[in-house]
Amino acid sequence: MRKIEAIIRTTKLQDVKDALELAGYESLTVSDVKGRGKQKGIVQQWRGREYCVDLLPKTKIEIVVPEYNVEEIIDLIRKSAETGSIGDGKIFVYAVETAVRIRTGERDGDAI
Amino acid sequence: MRKIEAIIRTTKLQDVKDALELAGYESLTVSDVKGRGKQKGIVQQWRGREYCVDLLPKTKIEIVVPEYNVEEIIDLIRKSAETGSIGDGKIFVYAVETAVRIRTGERDGDAI
Amino acid sequence: MRKIEAIIRTTKLQDVKDALELAGYESLTVSDVKGRGKQKGIVQQWRGREYCVDLLPKTKIEIVVPEYNVEEIIDLIRKSAETGSIGDGKIFVYAVETAVRIRTGERDGDAI
Amino acid sequence: MIKKHTRSTVLFVLMLSIVFMAFSVPASAETVEENTEAIINLQAALTYVWLLLAGALVFLMHAGFSLVEVGLTRSKNTANILMKNFMTICLGVVVYWVVGWGIMYGTDAAGLIGIDQFFLIGADNAVWNNWFFQMVFAATGATIVSGAMAERTNFKAYLVYCIMMVALIYPVYGHWVWSGADLALLSGADSPLVKIMGAGFHDFAGSGVVHSIGGYSALAGVLILGSRIGKFKNGKAVAIPGHNLTFAFLGTLLLAFGWIGFNGGSTLDGSDPYMNLVIVNTFLAAASGAIAIMIATWIKTGKPDPSLTANGLLGGLVAITASCGSVENWAAIVIGIIAGIVVYAGVMFNENVLKVDDPVGAIAVHGYSGSWGLLSVGVFSVGIGNGILADAAYTAEAPGLIYGGINQFLIQTVGVIASILWAFVISFIIFKIIDVTIGLRVSEEEEIQGLDLAEHGIRAYPEFSMSK
Amino acid sequence: MIKKHTRSTVLFVLMLSIVFMAFSVPASAETVEENTEAIINLQAALTYVWLLLAGALVFLMHAGFSLVEVGLTRSKNTANILMKNFMTICLGVVVYWVVGWGIMYGTDAAGLIGIDQFFLIGADNAVWNNWFFQMVFAATGATIVSGAMAERTNFKAYLVYCIMMVALIYPVYGHWVWSGADLALLSGADSPLVKIMGAGFHDFAGSGVVHSIGGYSALAGVLILGSRIGKFKNGKAVAIPGHNLTFAFLGTLLLAFGWIGFNGGSTLDGSDPYMNLVIVNTFLAAASGAIAIMIATWIKTGKPDPSLTANGLLGGLVAITASCGSVENWAAIVIGIIAGIVVYAGVMFNENVLKVDDPVGAIAVHGYSGSWGLLSVGVFSVGIGNGILADAAYTAEAPGLIYGGINQFLIQTVGVIASILWAFVISFIIFKIIDVTIGLRVSEEEEIQGLDLAEHGIRAYPEFSMSK
Amino acid sequence: MIKKHTRSTVLFVLMLSIVFMAFSVPASAETVEENTEAIINLQAALTYVWLLLAGALVFLMHAGFSLVEVGLTRSKNTANILMKNFMTICLGVVVYWVVGWGIMYGTDAAGLIGIDQFFLIGADNAVWNNWFFQMVFAATGATIVSGAMAERTNFKAYLVYCIMMVALIYPVYGHWVWSGADLALLSGADSPLVKIMGAGFHDFAGSGVVHSIGGYSALAGVLILGSRIGKFKNGKAVAIPGHNLTFAFLGTLLLAFGWIGFNGGSTLDGSDPYMNLVIVNTFLAAASGAIAIMIATWIKTGKPDPSLTANGLLGGLVAITASCGSVENWAAIVIGIIAGIVVYAGVMFNENVLKVDDPVGAIAVHGYSGSWGLLSVGVFSVGIGNGILADAAYTAEAPGLIYGGINQFLIQTVGVIASILWAFVISFIIFKIIDVTIGLRVSEEEEIQGLDLAEHGIRAYPEFSMSK
Ligand SMILES: Nc1ncnc2c1ncn2[C@@H]1O[C@H](COP(=O)(O)OP(=O)(O)O)[C@@H](O)[C@H]1O
Ligand SMILES: Nc1ncnc2c1ncn2[C@@H]1O[C@H](COP(=O)(O)OP(=O)(O)O)[C@@H](O)[C@H]1O
Ligand SMILES: Nc1ncnc2c1ncn2[C@@H]1O[C@H](COP(=O)(O)OP(=O)(O)O)[C@@H](O)[C@H]1O
């Protein structure tokens, strides 16, 4: 199994979720993160003084899937999350050793 | 070492924490996530119009432990987080290559 | 590639970010977590009654880098995040199988 | 030589008079005439105090509007909404001083418009007193529009519109109804319209002048502006929840609080005992509106809906604003209940039929319910000099439909139509011009990012983690 | 023919009268009788203005209560609390119009209850004026109960109870104390109780009528309801922090603001100079209560506790409400200090001894401190016609314990016992009936999920990430 | 025997008088003298009502100050700020009762200080009325200081300072200006200063007495205290955004609402028609201040800045406070515009030149703009008995510079200098003593952790996830 972790624009969450759902990947975990990559932050102001917020709000999506679905999901995410501008985000893939469904105790393939 | 990542009901955090503590596992990291699995979301309403919130608030627990504690912890979490209804959550296990305690620089076994 | 995950004091984020930036590591993802380790929590009060908040706010930093940068980064984080008191936090290192830049589709070394 | 009184001299004189009272010795032997004069002065003073305090309450309604709007919209537009409401009252003060008052209460030209008293030239304390009370009303119309157009309107464009509202749109209709000019289009004794209909248009505290005008102007604005991105999906309305219900309810309660000044003060006379009838009717209608809509949503969706219930209270308040000094208590309750239903049906009608996007329900609450309020005068008015209104000086002239009268209802209908036409058409034109010149709507990118960052480079709650 | 005055005719007349003033020419030669009549009218008008504005301030207390309750509880129940408080005042308006006022101020039957004036039949402006002021008080009792029972009560059940409170519980006790009937149980000159005790019960603005009644009703409710899940662990109280201290403090300040109307307006006469003593005593006691509890928590826990300090101010206000027109300034301070301590001890007593769960401290603040306020009249009252009260028309009849009087203290004690018995017993019965029929408490699942989702399908702050 | 009136007896009498009115039968044949006495009583009563309600509005300003401060600072210090503002008014009530009023309005000693009436000994209703109105002003000075010193000041140290402010700093300067003593340093007819300058110092409602004193005291405090950790980086000011703009704007609107009482009530006479001029000027200046600073920030940074715009409104209000009863409408607008610019420039000056850290802009808003307000009297005053002030009893004595007068400007300048010197020097000394004894600033660790946890063991929003 693999965990696919995608850090995307917050405004793209709905699109990515829809794309994944359509392809049959319903399960996922989402969290609010802030980050910085090539995109260097934006200038805000407070009481007439500018300052740079260099950590921008992003959304992290985590999906645990069998190994053979990884490339399809990467594709789905890329297509639905891309705008072509700096700040689109990244996808990272990790190995998952075990998965357990708490309710039933099912393991691995059955659990995800 | 392994990282055990459990996504549980927010209302079960206290129970899980207590169960782990009792068994001697005090260290852990908790964060707020939202997710969707078999549990499809709940219907809310706004100004007389219903809509479905398909990402439900969940709590993510991360614990890094030596390999040989993994099964015990999975067990502890399952027992304390289970309600038997859909939405109880999942546990994932990952390999951890290195652990460092920032304060002392201790590594791996000594650090966790 | 490796993911370096550091759980640090919230007040140290700026210092760590600066140290990493200075060393050329600009990309990172930050999130708010709560945790407990050796540091057992703090006592708060509500309406004249004391209670212990055992999960303290911490900041999680995630950085994905090529393997050979890992030690340097661990060092940078340790130096910039350390206060010497309990609660300084931990660093964990994980293997990353694949990295993808959403905008371009670049992979692995090119993507991070 | 004129004696200057310091803060404490006044204080001292006051204390003295108390001492006199204690000994029951009048300050000096006064004549009947001097007493009469003192009484007249006191009557004026009581009116001053009453209108200043009533005006203060109405002023606080701007805080109420701000909070309701903020609460019912998303946090990424909060700073922008706060600024819009804040500048509405700030610009309102200055613009109504420069031109609005003159157009509304200046010397009448053809029953259509006032043409002097700009810059309050020649004002004395009586004028200042009235100006203050009228001024706090004036900015309200624009605030209503701001609510309906929230989350997507260009800030500069809104400011320009706001000026036009206070300078022109509001005072012109106000002139027709409240100027007291003999020819005043809808209410003057010599107005052809009034003569034909057989009664003057009655809008006690502004269901029409303030609320309808705001509501239908908002409708024009929203039609030109279009809906927020994501509001309609495949032609079906989507819920976009507001970010803070506590603010929405606090705002609603501040509005109800302010309405005591809004309706009560509209007696314009601190000695008019009918202020009591006015306030009682106001609260009966408000409560009924809220209860009605709560029950309606409970029945329809299985759960009592908080933000619509709050809207229902406002709907009741808006409707009774025209009729509160002219109807029986039970009628106020009926008016409120119907207002609640009008608001609920109006919100649904706007979203399902008109497909317009009004985040806070301003068009239904102020427009539709305002029109209902105007009509309700024609239905339930007791008619001056009858029953509970035997001594009333200031109320609807003729009895309403249920008492067998028809004239009042006719002129009310005309007034309703006039308010819709005037507000919608003039606002449509102004918005169109603004759209072509300045651009009425922010860019898609700015809207997605939120107007706070786009227009003000700021976030309203920078420390809180947002999950949306 | 009756002349109709438009908004600006009135305005014009006002301006004219100013012009007359300037030239010092009375409007016309008036007679002494006409002047006298004008003066009487003005006195009534001043009272109208005073009571409407005082009533407005009291109305705003409902915003204060909402915010205090919201702030001191968890965000998952916020929308529910807002709705409960909102419907309390909405239902309050209608129910007090239909039946509450009649029971409280209608023609007396046996000193126990009023039996006419339902639907305000036959009301005139004087009645409307008083009704409005009394009405805003009426809903307060229910609001107090809502606070103590927050976070676990069924919404429908609460609404039913709220109606009973405004229709029956509050007005009956109010009748005994404020109706002015000769036989009125606790205060009427011909009441057997009053004759035996030798003095009439004095509760100036409602430490008992409003606050105690609310507080002991809440106690009954909380006993039947049980505590929130997780409030007691192994019999020991657990802290459940509220979610927004800013709201709690804003609410407290709004309550103090409203109390100026609550106590000040209770002179019921715009010309009564003792409104000044009343307000000064009110603020001295309020401040002392807050300071006392701040110091007490500081000593006990090492840190001054914010939410208890805010409660202390309210405790001071509640206590002085009965006695503010009857005591010296220094006594107000003493009353406030003791009130602060009563609140602190009461909160601890409830949690540690009674093991009841009152999230906002309503029972201690309104119940216990209210009883203390009633007793304080018997201790510190100067007695009508003495010292600072030489000219007072409306105050406690007899001197208190420290001035050697005993009668006032006796009747106050009786009144306290009566308030506890009446409120507790009748509320206990009503809550039991509601519990059996509708069900007083939500299900465990709903409580854990939060009442906002369970009862209203909504979240109060949907965009903010919550860590609890 | 003295008759006791119950709540409803009064009510009944009221109803009766209405009945009499209806029949136009005076209650009894009154004499001219009795009428005169009744009129005097009514005048006093109207003043009582006016000052109590105006005082109520001013009291609510403490909620406004709390919200502005809370909104413009970080959430980790929210509970502490709420407590500081809350205790300011609580301590203010008691301290002003014990000593402040006596020093301000007690019998004058050498034009410098009052020396009796401590504990309000011998007070009657007239004194209580005035005391209440003055008391709500008194705590304001300390609140201003609290804002500037937010996020780093020791709680106990602040409380001690607060007591000194209300007991000494504020009333002494107040005595010089408002005591009415013949020798009163800045305003008494026999004061050497006044004789030399040829006019008495005029500060209508406290641009100097309240605001400047607060502002320059804050400056002293901030200088001793130092800036918040992280405010200056390499000598350059860093933005530290506040956590809740909605609170900041709501607070600002509550302040403007309260200012109607602050300035309007300062007529100290319910029958003074000039309260109308006062209020109109107040709003014209406030609005102009906000508009001016919005435009200024728009030009300078490309985006209209919300929190500075809100500050601009306050700057306009502070400035016009001295001159609102003495200037023409247009002058009020000019005064407001300049105030807006003074605030903006002042904020920048403080951060860029003085390098002092004032999170909420209190020094610029209250100190600098207050001084400008005092000077504006000397520039724009019409002078008593002229033009719009022909009948005015209470205004600046002599015409300002633009009308060719110089004396008023001279004494205003002296008053400004006196306010700066007195407030800065005495506060500097007091803060130094506090710093040495108690310690003025919290430890670095506590500051980083936040004062809420450090001082009160609490978090203001425990359920919300914070990203800072
Ligand atoms: N090496 C990395 N380690 C951890 N997080 C990263 C890394 N690179 C990017 N991110 C995350 O991805 C987000 C988007 O990256 P960004 O550089 O803006 O994308 P792009 O390079 O396509 O413009 C960042 O805000 C950050 O949260
Ligand atoms: N494959 C997955 N990948 C990532 N997160 C998952 C996955 N499956 C479940 N989750 C997380 O676990 C939570 C609970 O899952 P759920 O399906 O409701 O449990 P169950 O299947 O036992 O009812 C979800 O809300 C989601 O956050
Ligand atoms: N074994 C672990 N698994 C997961 N998270 C941990 C673990 N140990 C520590 N943490 C995280 O690191 C944070 C800091 O740890 P702490 O024990 O306070 O550091 P130290 O031991 O250096 O004092 C904790 O709050 C927790 O979030």
Side-chain angles (χ1 to χ4, degrees), chain D residues 2 4-12 14-15 17-18 20-21 24 26-27 29-30 32 35 38-39 41-42 44-46 48-49 52-53 56 59-60 62-63 66-67 70 78-79 82-83 86-87 90-91 93-94 97 120 125 128-129 131-132 247 455-458 460-465, chain F residues 32-33 35-37 39-44 46-47 50 53 57 74-75 105 124-126 130 178-180 187 200 241 243-246 249-250 253 257 260 264 268-271 273-277 279-280 283-284 287-288 290-291 303-304 306 329 384-385 393-394 397 464-468:
Chain D
I2 291 150
K4 182 175 162 295
H5 298 286
T6 66
R7 197 166 173 111
S8 64
T9 319
V10 175
L11 195 153
F12 185 68
L14 280 171
M15 287 188 204
S17 63
I18 301 295
F20 280 125
M21 273 186 269
S24 285
E30 309 264 348
V32 176
N35 277 347
I39 290 170
N41 285 357
L42 251 177
L46 181 58
Y48 293 158
V49 164
L52 288 186
L53 289 170
F59 168 74
L60 199 61
H62 288 272
S66 301
L67 290 176
V70 157
T78 296
L82 292 168
M83 274 295 270
F86 195 72
M87 289 319 297
C90 288
L91 289 172
V93 172
V94 176
W97 180 80
L120 281 196
N125 278 302
W128 282 317
N129 183 259
W131 177 84
F132 177 68
F247 285 146
E455 297 268 27
H456 310 284
I458 210 173
Y461 315 106
E463 296 185 24
F464 293 89
S465 303
Chain F
V32 176
E33 286 72 29
N35 277 347
T36 304
E37 194 195 324
I39 291 169
I40 293 174
N41 285 356
L42 252 177
Q43 284 166 336
L46 181 57
T47 293
W50 173 234
L53 290 170
L57 300 196
R74 288 165 296 178
S75 66
Y105 290 109
D124 59 14
N125 279 303
N130 257 280
W178 285 345
S179 68
S187 60
H243 85 280
N244 194 316
L245 266 189
T246 309
F249 271 83
L250 175 58
L253 289 170
F257 176 65
I260 294 170
L268 297 182
D269 177 0
S271 307
Y274 282 92
M275 59 174 69
N276 297 302
L277 172 63
I279 295 297
V280 170
F283 273 77
L284 287 173
S288 309
I291 295 170
K303 299 194 166 172
N329 288 175
I384 203 164
Y394 183 169
E397 228 166 309
F464 293 89
S465 303
M466 294 292 167
S467 55
K468 216 168 195 169

- line: Comparing F:Leu284, F:Leu53, F:Leu57 against chain D, the one with the most heavy-atom pairs below 4.5 Å turns out to be F:Leu284

message: At a 4.5 Å cut-off on heavy atoms, which part of F:Tyr274 comes close to chain D: side chain, backbone, both, or neither?
response: both

statement: Under 4.5 Å to a heavy atom of chain F? For D:Val70 that would be side chain

message: Can you tell me which portion of D:His62 sits under 4.5 Å from chain F's heavy atoms? Options are side chain, backbone, both or neither.
response: backbone

Portion of D:Tyr461 that has a non-hydrogen atom of chain F nearer than 4.5 angstrom: both

- request: Output yes when a side-chain donor or acceptor of F:Asn276 lies under 3.5 Å from a complementary backbone atom of D:Trp128, and no otherwise.
  value: no

message: Would you say the rings of D:Phe59 and D:Phe132 are close, in the sense that their centroids are separated by under 6.0 Å?
response: no

query: Given side chains that start at C-beta, do those of F:Phe249 and F:Pro306 come closer than 4.5 Å, heavy atoms only?
result: yes

query: Quick one: does F:Glu397's side chain have a donor or acceptor within less than 3.5 Å of a partner on F:Gly200's backbone?
result: yes

- prompt: F:Leu250 versus chain D, heavy atoms under 4.5 Å apart: side chain, backbone, both or neither?
  reply: side chain

query: Is there a donor-acceptor pair closer than 3.5 Å between any side-chain N or O of F:His243 and the backbone N or O of D:Glu463?
result: no

D:Leu67 versus chain F, the contacting section by heavy-atom distance below 4.5 Å: side chain

task: Calculate, to the nearest 0.5 Å, the distance between atoms CD1 and CG belonging to D:Ile39 and D:Leu46 respectively.
output: 13.0 Å

